[in-house]
Amino acid sequence: MPAGFTLIELVVTVAVLALLATLAIPMAEVAVQRSKEQELHHALREIREAIDAYKQAWGEGHILKKVDESGYPPTLDILVDGVSDATSPLPRKIYFLRRLPRNPLVDTPALPAAETWGKRSYASSATEPEDGNDVYDVYVLSYGVGLNGIPYREW
């Protein structure tokens with residue numbers, strides 16, 4: 001026992017430290033969840049802005065139009081791989097993302113980034129999103145609920 005401490009003082013000190021530790025763990029877990037949710041908001045915004053930029057480029061004629069196309073990208077990977085600029089006289093590509101963000105709620109590093117997201121086609125409904133010939137929007141595949149009480153799938 002350290003010099004100058006009585007047994008009672010030592011027990012009280014250990015009890016107070018144990019109480020503080022039990023309070024700190026849930027706070028740390030909330031901080032980690034909040035951080036992941038901030039990453040999720042950023043990733044969703046980045047992908048959705050790239051999808052919108054692709055649609056705008058298609059509408060302006062920078063991307064060759066084909067019959068029965070909605071103007072949305074056929075895959076998420078094309079946002080990174082780029083498309084040929086149909087208005088440029090030189091062979092030039094237009095890129096919409098430097099890299100495709102991963103869903104921060106998916107803890108499977110071997111899974112490609114595009115497969116960490118649910119993809120909604122233009123032809124599917126908002127309430128029952130389904131894959132299709134294009135990517136109109138992305139959503140979280142998890143059925144978890146955020147700190148704000150809203151399910152991740154609805155973000």
Side-chain angles (χ1 to χ4, degrees), residues 10-86 93-155:
L10 188 60
V11 169
V12 168
T13 303
V14 170
V16 168
L17 288 175
L19 178 64
L20 290 174
T22 59
L23 294 175
I25 291 173
M27 291 177 71
E29 289 172 351
V30 169
V32 168
Q33 184 177 358
R34 183 174 288 117
S35 174
K36 282 188 177 186
E37 288 183 4
Q38 287 173 340
E39 287 179 52
L40 177 62
H41 273 292
H42 180 73
L44 285 169
R45 187 176 315 113
E46 190 175 357
I47 294 170
R48 287 173 175 160
E49 286 174 358
I51 290 170
D52 291 344
Y54 183 100
K55 173 68 171 168
Q56 183 176 354
W58 182 85
E60 293 172 352
H62 291 281
I63 300 170
L64 286 177
K65 296 180 181 182
K66 296 177 186 166
V67 178
D68 296 335
E69 276 190 343
S70 65
Y72 290 97
T75 65
L76 288 176
D77 292 324
I78 201 166
L79 299 172
V80 176
D81 298 341
V83 292
S84 294
D85 186 350
K93 280 188 145 184
I94 304 170
Y95 300 94
F96 303 94
L97 285 172
R98 290 184 182 176
R99 67 168 184 79
L100 185 62
R102 295 183 61 78
N103 179 342
L105 302 180
V106 175
D107 293 329
T108 312
L111 201 60
E115 292 184 29
T116 63
W117 301 102
K119 293 163 245 355
R120 174 182 169 213
S121 74
Y122 182 73
S124 73
S125 72
T127 56
E128 297 293 327
E130 295 178 3
D131 276 340
N133 297 331
D134 57 16
V135 181
Y136 174 73
D137 193 16
V138 292
Y139 62 93
V140 177
L141 295 168
S142 167
Y143 285 98
V145 177
L147 291 172
N148 61 2
I150 299 172
Y152 294 129
R153 289 177 71 91
E154 296 177 14
W155 284 22

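Starting from 1, each residue takes its place in the sequence as its number. This structure is a prediction, so every number in the text was calculated from the model and none was measured.
For the atom pair CG of Leu97 and CD of Glu46, the computed distance is 5.5 Å after rounding to the nearest 0.5 Å. To the nearest 0.5 Å, the span separating CD on Glu37 from OH on Tyr152 amounts to 3.5 Å. Once rounded to the nearest 0.5 Å, the distance linking CG of Leu44 with CG of Asp137 reads 8.0 Å. Going from atom CD of Gln56 over to atom CD1 of Ile51 covers 14.0 Å, rounded to the nearest 0.5 Å. Between atom CD of residue Glu154 and atom OG1 of residue Thr127 there is a gap of 10.5 Å, rounded to the nearest 0.5 Å. Note that the CG atom of Leu105 and the NZ atom of Lys36 stand 6.5 Å from one another [nearest 0.5 Å].
Contact annotation: the side chain of Tyr122 never approaches that of Asn133 to less than 4.5 Å [non-hydrogen atoms, C-beta and beyond]. A heavy-atom distance below 4.5 Å is not found between the side chains of Leu141 and Trp117.
Closest heavy-atom contact between Ala113 and Pro101: CB-O, 4.2 Å. Leu76 and Ala114 make their closest contact through CD1-O, 4.1 Å (heavy atoms, listed as atom of the first residue, atom of the second, distance). Contact between Arg48 and Trp155 at its shortest, heavy atoms only, is NH2-O, 2.8 Å. Taking both residues in full, the closest heavy atoms of Leu111 and Arg102 are given as O-NH1, 2.5 Å, listed atom of the first, atom of the second, then distance. Nearest heavy atoms, Gly61 versus Ala86: O-CB, 3.6 Å.
Partners of Ser35 by side chain to side chain donor-acceptor pair (under 3.5 Å), not counting sequence neighbours: none found. Residues satisfying the ring pair (Phe, Tyr, Trp, His ring centres under 6.0 Å) test with His42, not counting sequence neighbours, are none.
The 12-atom threshold is exceeded at OH of Tyr72, counting heavy atoms of other residues, nucleotides or ligands nearer than 6.0 Å. Within a 6.0 Å sphere centred on CD of Glu60, heavy atoms belonging to other residues, nucleotides or ligands number more than 12. Around the NZ atom of Lys65, the shell of radius 6.0 Å holds more than 12 heavy atoms that belong to other residues, nucleotides or ligands. Counted within 6.0 Å of CZ on Arg153, heavy atoms from surrounding residues, nucleotides or ligands total more than 12; the atom is thus considered enclosed.
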Distance-only check: which donor-acceptor pairs under 3.5 Å involve side-chain atoms of residues 78-85, not counting sequence neighbours?
from  : atom 1 : to    : atom 2 : distance (Å)
Asp85 : OD1    : His62 : ND1    : 3.1
Asp85 : OD1    : Thr87 : N      : 3.0
Asp85 : OD1    : Thr87 : OG1    : 2.7
Asp85 : OD2    : Arg92 : NH1    : 3.1

